Structures are given as structure tokens and as C-alpha cells.
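One structure is given here, and the rest of the page talks about it.
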Amino acid sequence: MISILGNYLQGIGRSFFFLLQVIAASPSALLRPRLMAQQLYSVGVLSLVIVVLSGSFIGMVLALQFYRTLQVFGAGDSLGVAIALSVVREFGPVVTALLFAGRAGSALAAEIGLMKATDQLSGMEMMAVDPLKRVIAPRFLAGVISMPLLSFIFTVMAIGVAGGHAIGVSLLGVDAGSYWAGIREVLHGDDIRDALIKTLTFGVACSWIAVYQGYHAAPTSAGVARATTNTVVISSLAILALDFILTAFMF
Amino acid sequence: MSPPHSDALVRVRDLKFAHGTRVIYDGVDLDIPRGKVTAIMGPSGTGKTTLLRLIGGQWQPGAGTISFDGVTVHSQSRTQLFEMRKRMGMLFQNGALLTDLTVFDNVAFPLREHTELPESMIRDLVLMKLQAVGLRGARDLYPEELSGGMSRRVALARAIALDPALVMYDEPFTGQDPISMGVLMRLIRTLNDALGLTSIVVSHDVEEVLSICDHAYVIAGGKVLGSGTAADVRASQSERVQQFLKGEPDGPVPFHYKAAPYAEDLMRVKS
């Protein structure tokens, strides 16, 4: 029992130390725009499709659900407000982060884990190239930068364009003017700031967990598989737990 | 300093190293003479690869010292160690090529990371290195399109890209067909002599490695069992060395892994 707890604490300590090392290696990664562009593409751009589609569907579902409830109180016109607040404050950051963990986090962990298993990381070390600077930091930074942008795109898709607006205004017949006016009236800078804090926190957490799991994967096929699974499971739990804590403070 | 070893590039003294509770090295002394090909031979699991990682400073010895060109490897700071590694090349067992880069970019990788050379000069250098290993025509292939022998040759071109003083080969012959084995053997020998390198070849392919090395060490059970020229090693009186060289299944290194007596084991009732 004590040894399990000891292992657990040791893991946490190691992962924090690893985070510091990655942050220390980050400035030199930022100075290499081509490397960063590559990673932003594979982490961010390739996650776009899933984020856009999920955003649209969540917006559409929310429109249907909220409209039904709001109609009971004769407040169907407030549909825009209900969707906008829930998406900006909760769905945008949280669902994007969960999708990110599944799409990009698992890919990062598997890629890094396989690089380790095939000696590519020690090969770099022996070529006097620091894998933390060359491999880990660019991927970590790409994750941290991509998350808020993806979350923003998710939010826009869910509230407008193909999401809530499509169903609420075009299908259910809510007035477009009151849909948008309500949003402008109720949604404040504070909400957007809080959303930004959340999504940045999730971005750091997800990317950190992914690169840590990959870098510390056992160099076998089972080890890489475990790292990938761990990334998704731990990231998802971390996102939901962090979301509760952050929401409680922001409430 | 005694004259025969005064020109050692790598010097290992009283090396002790353990993986957890498993002792890999228990007091090993080695000298890798400058400009020569030195073979390190021994059965699988004796930590031959470990030795290369210790020389490269990736792992820390439990006790003893390892020095490279007169400088102790494991007391260097990270930056100093990285400077030192620019003068070492290492060929991993599977090549360890970067899978998302072409052959050309793999060989160019150390040059681009460590030098400010213009792209035209990098191109010339890379083509020269690839020509040396006979793969100039394969420059646009990706590592997954190469055979095992070819990846090792590319990795070799990459290892010599920065013109290092020392090249370490980790099991270069494992799993190679006779032709690519011959190619690798010739490459190791000719590159060593033509470029004035010092080479360490870790291997258990006895005949191949003895035929190209100037000097050999046989390591087993954490100790050096024998050393000298190929002829010295072949003539060694040690039973363990002879068993290893001749590939006898039973001898001082027993066929059976340590276990309880057979009959007793079979009769034991699971409680």
C-alpha cells in the first residue's frame, strides 16, 4: 500500500520535473519556425476536421434540447443565450480538450513512444542533439498553442454557422435577430476570459501528459500501447477534474 | 602511462555497473587504441551495448572511470557531454534512422543541427558520405523502404557525417545476409583506415569480427576473459573463451539456466 503510494508520488514528481525540463527546452524550439510549423500542422490542422464536425453536432443537439426546455417557459427566443453561454463556458473548452486528447494526444504519445522504442531518441542524443529540444518541446508547444485555437473554432461552429444557428433559426424558426442580440447582451468579456483560461490549462495538461507518457513509455509494443491508452484516460480525467476546479473558482 | 596503451582513445578503468540488482560489469579494464578497430565480443546479455552507452555517456557507471581522449565522460556537464558526442558516432543495432526523414535528410541531420554550412555544401557532404557507403542512389528513399543492411549503411553514413574521432558499432552483423555482411565488414575496415577513425565493434559474430579487428576483448559474466589480437584470442587458454569461440552448447557457461534440480522440480506438488 505504502509502496503503491510511493510509486504514485514518485511518478508525479518525475512528471513535474519533466515539465520543467520541457519548458526549459521550449525557447530554442520557438526559434525554429519550420519545426514548429510542422508540429502545428500535425497537432492542430489535422485535428480541425473532428473539431469542426463535433462542434456542429453539439451545437445542433443543444439547439434541439434547449429549445424544448425553453418552450415550456415560453422563452424560445432566449435560445441563442442558452447555447452561447453553455458552449463558451463549458462545451467549447471541455469537448475540444477531450477530442484533442483522443486525436492529437494519443498520436503524440504513440509517435514519441515508437521513436523511443526504435532508438531514434537515443540516436539523437548520441548525435549530440537534445531530443527534448528537437522532438519533445516543439510537440508540447504545438499542443499548447493549438488548443485555444481549436476551442475557438469549436465554439464558433457550435453557436453559429452549421450548429445552433442552423437548427435554431433555420429549422425551429427562432428569429435570427433575437438569437444574436441575446448573445451580444449576455455574453461578456469575462466569459471569454474564463474560457481562455480553461482551454489554456487543458492545452498544457493534455500536451504534458501526452509527451510525458510517450517519452517514458517502455520501449516495447506493449509499452507504446499502454502509453497511448494512459494518455487518453489520464488526459480525459484530468480535463474533467480541472474543469470542475476551474468552474468552481470562476462561478 | 605505460607505452603500449598511451595512445588509447577510450580508457575504461575498474568499471562497475548494475541494472537494478543484475550486475553487468564487475571491474572491467579496457583500452581502445587510437586508429584501430577494436572488437568487443561476448555472449548475448553480457551488456556489450551497455558498454557503448556508458562510453557515450548515456548511462552512468556505478563505479570506476571511463575516459574519452583523456577526459572523464561521466563527470561532464550536459553541454560538455554534447560537445564530446559530436566527436563520437554510434551505429545502433537497427540503424535508428529518423523515420520521417529521407535517407538524404537523415545523413544531413547532424550537419544541419551542428553546423551553419550553406545548403549547397551540405548537399556535397551528404552525397560524399552516401557515396562512401554506396547508397548515393537511394537518397530519396524513406527508411521503411530500405533493407536492414541498407539502413545500417545509411546510419553509418550519418555516424561519420561530422567526421568523428570514434565510431561505435552495436552488433552491425546481426541478421544480415552474407553479401551485406561482407559489405559492412569491408566498410568498417576501409572507413576506419581511410578516415583515420577509431572503431569499436560490439558483436557476437566471432569469425566476422575477428577477421577485421586489430584487437579484441572477450567479455562475459561482468569480466574481461581474454584480450589481444585475433590470433591471441583464438589461442586463449580460457575454457570460457574457447566455448564462446567454438559455439559449444555446454561448458563453463551452462546450457541450463540456473534452476532447482530437475527431478525435484517435477515432483513438487503445487500447494
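Keep in mind that the numbers below use all heavy atoms, side chains included, and drop hydrogens, waters and symmetry copies. Within every chain, numbering begins at 1; the chains are lettered A, B, ... in the order of the sequence lines, protein sequences first and strands thereafter. Here the structure is a predicted model, which is why all the values come from computation and not from measurement.
Within the structure, salt bridge (charged side-chain N to carboxylate O under 4.0 Å, His left out) contacts touching residues 30-50 of chain A (residues at least two apart or in different chains) are A/Arg32-B/Glu113.
Ranked by heavy-atom pairs shorter than 4.5 Å toward chain A, the options B/His114, B/Lys86, B/Met88 are led by B/His114.
Counted within 6.0 Å of CZ on B/Arg123, heavy atoms from surrounding residues, nucleotides or ligands total 12 or fewer; the atom is thus considered open. More than 12 heavy atoms of other residues, nucleotides or ligands sit less than 6.0 Å from atom CZ of B/Arg189.
For the pair A/Val129 and B/Phe109, the tightest heavy-atom approach, listed with the atom from each and the gap, is CG2-CE2, 3.7 Å.
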Check residues 8-25 of chain A and write down every donor-acceptor pair under 3.5 Å in which the side-chain atom is one partner and the other belongs to a residue at least two apart or another chain.
{"unit_1": "A/Arg14", "atom_1": "NE", "unit_2": "A/Tyr212", "atom_2": "OH", "d": "3.4"}
{"unit_1": "A/Ser15", "atom_1": "OG", "unit_2": "A/Gly11", "atom_2": "O", "d": "3.3"}
{"unit_1": "A/Ser15", "atom_1": "OG", "unit_2": "A/Ile12", "atom_2": "O", "d": "2.8"}

Under 3.5 Å donor-acceptor pairs involving side-chain atoms of residues 146-155 of chain A, not counting sequence neighbours:
{"unit_1": "A/Ser146", "atom_1": "OG", "unit_2": "A/Ala142", "atom_2": "O", "d": "2.6"}
{"unit_1": "A/Thr155", "atom_1": "OG1", "unit_2": "A/Ser151", "atom_2": "O", "d": "2.7"}

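For B/Met168, the part lying near chain A is the side chain, with the backbone staying farther off; criterion is any non-hydrogen pair under 4.5 Å. Heavy atoms closer than 4.5 Å to chain A are found in the backbone of B/Leu97, but not in its side chain. For a residue to count as touching a neighbouring chain, one of its non-hydrogen atoms must lie under 4.5 Å from one of that chain's; by this rule B/Met90 touches chain A with the side chain only.
Within residues 116-128 of chain A, the residues that have a heavy atom under 4.5 Å from a heavy atom of chain B are A/Thr118, A/Asp119, A/Gln120, A/Ser122, A/Gly123, A/Met124, A/Glu125, A/Met126, A/Met127, A/Ala128, listed by number.
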